[in-house]
There are 2 protein chains.
Amino acid sequence: MVQSEIPNIIISRLPVYLRALRHMQGQGKQTTNSQELGEQVGVSAAQIRKDVSQFGEFGKQGTGYDIAFLVKKLSEILHIDRVWDLAVIGMGDMGHAIARYQGFADRGFRVAMLFDADPAKIGTRLGSFVIRDAAEMIPAIKQAGIQIAMLCVPASTAQAVTNQLVQAGVKAILNYSPINLSVPDGVRVQYLDPSVGLQRMTYYL
Amino acid sequence: MVQSEIPNIIISRLPVYLRALRHMQGQGKQTTNSQELGEQVGVSAAQIRKDVSQFGEFGKQGTGYDIAFLVKKLSEILHIDRVWDLAVIGMGDMGHAIARYQGFADRGFRVAMLFDADPAKIGTRLGSFVIRDAAEMIPAIKQAGIQIAMLCVPASTAQAVTNQLVQAGVKAILNYSPINLSVPDGVRVQYLDPSVGLQRMTYYL
DNA sequence: TAGATTGTTAATCGATTAACAATC
DNA sequence: TAGATTGTTAATCGATTAACAATC
């Protein structure tokens, strides 16, 4: 029997709920409810309840949700009740910033390897890492079993590098390059092109 | 009479179409069609035609779309047939990378001002800019008439800085901080939290 | 118990797709 | 002209909301 299919649009909201819940935790709150959480993240209370109830009965009538419990459940659902190793490809300014980013630690991720093709960068240190030769990328990622890559290379090489990542067994790519990537079924891409983000707002200015 | 309301979900796809069209242009292509563009960006041909036709009749039966013409029209629709000045707030690793990002130039944007609250950074140069004191932010942004900000400060100060940006007249915020922002009506926020992007994929791993 | 809030159903709303006449 | 592809309509599909019984 196939696991019943949860719409991707629901999955995409869960990390946002989780972020808000952890923020509440940081403020010392113990419980919340669909109304409050909904206001926090900008969705209706009904939608919060509907989304969360896809995965179980995590709330209590009359009192709402225990924050710590819901955080635990959402973390399990999103498979971040473990630590995922990340490979960062491309050590320009953006790759550099990602490699040093402190925000992964408590959210399920850890930078594990850095790659660049520039001989001037290969072998140099960045924090506790040594930048590795992109030519070794496929065997290195394969051997480490890394499934997630942060793509920070220029648009001109992004598709070629992506093909290599797919060969290396990568299943999820966070793409900072301003280009649409073509990947086979079973590989996921999330796009973080800043110009696209800006252009989604200028329409309204 | 109110301008007929275009759904936001359509607007949000236009920058992606535009990016793909410019990529085709860079390859020397003159024309395309809804089928080809759809495959490029991962949406159906019918949806491409429906989306684009909200704004006029930009195609030709039998031949498809002239790429240069469609690029021009989409640029006008998205209001990027001009250059928008950006203020970058927070000169950590991420703000640093954004300030030096070369990808804004031909997509309608230009970094115009950098701010940080750290006395060690204030007054230092970054490329052709001098990092300014965040304490001067409100009058400086107001005076320059800047409407778009890139928020690269830590989560702990993001909401307070956002309130100042709103006071300064900013209407669009690209938020790199891992936090939900509360803003008044008329102000838009786009979120680029890398952990959220990653968590949207780990569910499927 | 009374009040509050969930989980869930049914109704509504909106977005996507299929199909095809129009026309280049 | 024949072939191709648009723009658009109607049908389908899916997501959101409203409402309320269940229950803490």
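Sequence lines set the chain letters: A, B, ... in the order given, protein chains first and strands last, and positions in each chain run from 1.
- Counting non-hydrogen atoms of neighbouring residues, nucleotides and ligands closer than 6.0 angstrom, the CD atom of Gln27(B) exceeds 12 such neighbours.
- With no hydrogens or angles considered, no side-chain donor-acceptor pair links Asn8(B) and Tyr203(A) at under 3.5 Å.
- Within residues 53-68 of chain B, the residues having any heavy atom under 4.0 Å from DNA chain D are, by residue number, Ser53(B), Glu57(B), Phe58(B), Gly59(B), Lys60(B), Gln61(B), Gly62(B), Thr63(B), Gly64(B), Tyr65(B).
- In this structure, NZ of Lys73(B) is placed 18 Å from P of dT6(D), rounded to the nearest angstrom.
- Under the side-chain hydrogen bond (donor to acceptor under 3.5 Å, both in side chains) criterion, Thr32(A) pairs with Glu36(A), not counting sequence neighbours.
- Counting to the nearest Å, the P atom of dT16(D) and the CD1 atom of Ile48(A) are 12 Å from each other.
- Side chain of Gln159(A) to main chain of Ser182(A): a donor-acceptor pair is present (N/O by atom type, distance under 3.5 Å, no hydrogens or angles).
- Counting heavy-atom neighbours within 6.0 Å of Arg13(B) CZ, excluding the residue itself, gives a total above 12.
- Within the 4.0 Å cut-off from OP1 or OP2 of dT16(D), at least one side-chain nitrogen or oxygen of Arg13(A) is found.
- Note: CZ (Phe69(B)) to C1' (dT6(D)) measures 14 Å, nearest angstrom.
- The phosphate of dT6(C) has OP1 or OP2 within less than 4.0 Å of a side-chain N or O from Arg49(A).
- Asn8(A) places its CG atom 12 Å from the P atom of dT16(D), with the value rounded to the nearest Å.
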Item to check | Watson-Crick or G-U pairs under 3.5 Å in DNA chain D, rendered as dot-bracket with [ ] for crossing pairs and | for another strand | outcome: ..||||||||||||||||||||||

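- Taking atom CD1 on Ile9(B) and atom C1' on dT16(D), their separation rounds to 13 Å, with Å as the unit.
- Without hydrogens or angle criteria, Asp116(A) side chain to Lys121(A) main chain gives no donor-acceptor distance under 3.5 Å.
- Under the 3.5 Å distance criterion, the side-chain polar atoms of Lys73(A) are left unmatched by any main-chain donor or acceptor of Phe58(A).
- Here the C1' atom of nucleotide dT16(D) and the CD1 atom of Ile10(A) are 10 Å apart, to the nearest Å.
- Residues from residues 21-46 of chain B lying near DNA chain D, meaning a heavy-atom separation below 4.0 Å, are Asn33(B), Ser34(B) in numerical order.
- In this structure, a donor-acceptor pair under 3.5 Å is absent between the side chains of Asn163(B) and Gln167(B).
- For Val41(A), the side chain to side chain contact (heavy atoms under 4.5 Å, CB included) partners at least two apart in sequence or on another chain are Val16(A), Tyr17(A), Ala20(A), Leu37(A), Val43(A), Ile48(A), Asn180(B).
- Taking atom CD on Glu5(A) and atom C1' on dC13(D), their separation rounds to 15 Å, with Å as the unit.
- Every ring-ring contact (aromatic ring centres under 6.0 Å, His included) that Phe104(B) has, sequence neighbours left out, goes to Tyr101(B).
- If you take CG of Asp51(B) and C1' of dG7(D), they are 13 Å apart, rounded to a whole angstrom.
- Side-chain N or O atoms of Ser177(A) include one that pairs as donor or acceptor with a backbone N or O of Val153(A) at under 3.5 Å.
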